[in-house]
There are 2 protein chains.
Amino acid sequence: MEFSQAKNKFIQSWGALGSQWGINKTMAQIHAFLMISPESVSMEEIMDELKISRGNASMNLRSLIDWGIVYKDFKQGERKEFFYAEKDLDELAIKISRERTKREIKPALKVLKEVSAIDANATEKEKHFKTQTCALYNFVSKADNAIEKITEYNDNWLSKLLKRLLT
Amino acid sequence: MEFSQAKNKFIQSWGALGSQWGINKTMAQIHAFLMISPESVSMEEIMDELKISRGNASMNLRSLIDWGIVYKDFKQGERKEFFYAEKDLDELAIKISRERTKREIKPALKVLKEVSAIDANATEKEKHFKTQTCALYNFVSKADNAIEKITEYNDNWLSKLLKRLLT
DNA sequence: TTAAACTTTCAAAAAATATTGAAAGTTTAT
DNA sequence: ATAAACTTTCAATATTTTTTGAAAGTTTAA
């Protein structure tokens with residue numbers, strides 16, 4: 001396979017994968033493109049490579065920056081902004097995990113805590129509801145703690161985890 | 001909070017959470033409803049509770065069954081089908097993890113293997129592409145193995161994991 | 001201050017995704 | 001074999017999400 005083919009395949013696949021994870025396709029594609037760019041890249045270049053509009057590029061770059069996985073680079077003597085991706089994969093995974101925890105796990109826990117607090121004396125249905133939502137709360141809490149622990153020492157956490165699991 | 005309020009809140013929140021994960025809202029809501037139903041439930045009841053059409057119910061129930069997290073129940077003397085959810089959370093998480101691995105991680109690994117195989121002698125860009133995609137391949141492989149290991153012994157894997165991490 | 005070189009915003013348009021509902025299909029009872 | 005009681009399918013429709021592009025906003029240089 002040629003480089004340009006491989007590059008396209010990588011960007012397209014990353015975009016498709018992103019969609020399945022509730023991340024918009026363009027955002028994932030921009031990230032893919034930045035991941036494989038050795039130098040930081042201007043908005044113009046991104047628009048050109050991915051064939052997207054300026055507005056689209058601007059908004060998705062902003063999202064990536066909000067997620068903390070893309071940074072701005074101000075080059076000496078250049079007026080325009082350049083962008084580069086967090087390339088350390090341990091760091092990338094930690095940032096994504098922290099962000100998703102904040103956006104999804106914490107709110108889910110809040111809801112579970114609330115709804116599991118009903119007093120369930122009356123019917124079988126109510127008792128079962130309470131049992132299940134309490135169990136879910138405990139499970140999600142544990143998962144949350146586990147993720148926290150795993151990524152606590154950011155340096156090489158995945159290798160460390162694997163080692164511990166294999167002993 | 002009253003039971004019926006709590007029930008609604010739970011179903012709605014679970015649906016919203018599903019959307020963020022690339023799972024369709026109705027599918028997540030049906031799952032939520034089945035999770036809190038002590039008895040298995042007919043399609044009619046699901047349509048009624050969630051205010052959805054027969055077609056929608058049918059298709060999403062099928063998806064849930066394909067994922068292996070909802071089962072059919074044929075009741076004595078009843079012609080219609082009833083449905084119930086996998087309620088053991090360890091088992092549920094394992095099934096979801098296996099399914100997503102199969103659908104997403106394996107294909108991603110395949111692409112990464114392919115594109116990282118280019119020979120990158122010419123430019124800086126090509127070298128960097130190779131470096132990055134190889135690194136990604138390794139990282140994703142490790143993550144895949146870790147998940148495999150963690151869920152290997154399905155019984156109470158999350159608690160076991162937490163214990164190991166805390167020592 | 002002005003204007004050039006940029007970036008951001010957001011209403012409108014396009015694209016993607018989910019939902020409906022009725023026709024077609026299936027199963028079971030008689 | 002017929003019909004009643006169901007479920008599935010899928011073209012049409014509705015909804016949601018993404019994308020565009022031009023106007024408004026910002027920054028820098030002269």
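Just so it is clear, the structure is predicted and the values come from calculations on it, not from any experiment. A note on names: the letters A, B, ... follow the listed sequences, proteins ahead of strands, and every chain is numbered from 1.
- B:Ser40 pairs in a side-chain contact (heavy atoms from CB on, under 4.5 Å) with only one of the listed residues (B:Phe82, B:Phe74, B:Phe83), which is B:Phe82.
- Taking the six-membered ring where the residue is Trp, A:Tyr71 and A:Tyr84 present tilted rings, their angle falling between 30° and 60°.
- Atom CD1 of A:Ile52 is separated from atom P of D:dT18 by 14 Å (rounded to the nearest Å).
- Taking atom CG of B:Leu61 as the reference point, atom P of D:dC6 lies 16 Å away to the nearest angstrom.
- Side-chain atoms of A:Asp155 and A:Tyr153, non-hydrogen and from C-beta on, never get closer than 4.5 Å to each other.
- When distances are taken from the side chain of B:Arg79 to each of C:dT19, C:dA5, C:dT27, the shortest belongs to C:dT27.
- Between the C1' atom of D:dT7 and the NZ atom of B:Lys80 lies a distance of 12 Å, rounded to the nearest Å.
- The interatomic distance linking A:Met27 (CE) with D:dT18 (C1') rounds to 14 Å, in whole Å.
- Comparing A:Glu78 and B:Ile23 by the nucleotide of DNA chain C whose heavy atom lies nearest to each, the residue mapping closer to the 5' end is A:Glu78.
- Taking side-chain N and O atoms only, B:Arg54 has no distance below 4.0 Å to OP1 or OP2 of C:dT20.
- Computed from coordinates, the A:Lys51 NZ to D:dT18 P distance equals 22 Å when rounded to whole Å.
- You'll find the side chain of A:Thr133 reaches within 4.5 Å of the side chain of B:Phe10, heavy atoms only.
- B:Asn56 comes within 4.0 angstrom of a nucleotide base, judged by non-hydrogen atoms across all strands.
- Atom CD1 in A:Ile65 sits about 12 Å away from atom C1' in C:dT8, given to the nearest Å.
- Toward the 5' end of DNA chain D, the nearer of the two residues B:Phe82 and B:Ser19, judged by each one's closest nucleotide, is B:Phe82.
- OP1 or OP2 of C:dT19 lies within a sub-4.0 Å distance of a side-chain N or O belonging to B:Thr26.
- The CD1-C1' distance, from B:Ile46 to D:dT8, rounds to 15 Å in whole Å.
- Nearest nucleotide to the B:Met43 side chain, out of D:dA5, C:dT8, D:dT7: D:dT7.
- The ring pair (Phe, Tyr, Trp, His ring centres under 6.0 Å) search around A:Phe3 returns B:Phe129, not counting sequence neighbours.
- Counting to the nearest Å, the P atom of C:dA15 and the CG atom of A:Asn24 are 16 Å from each other.
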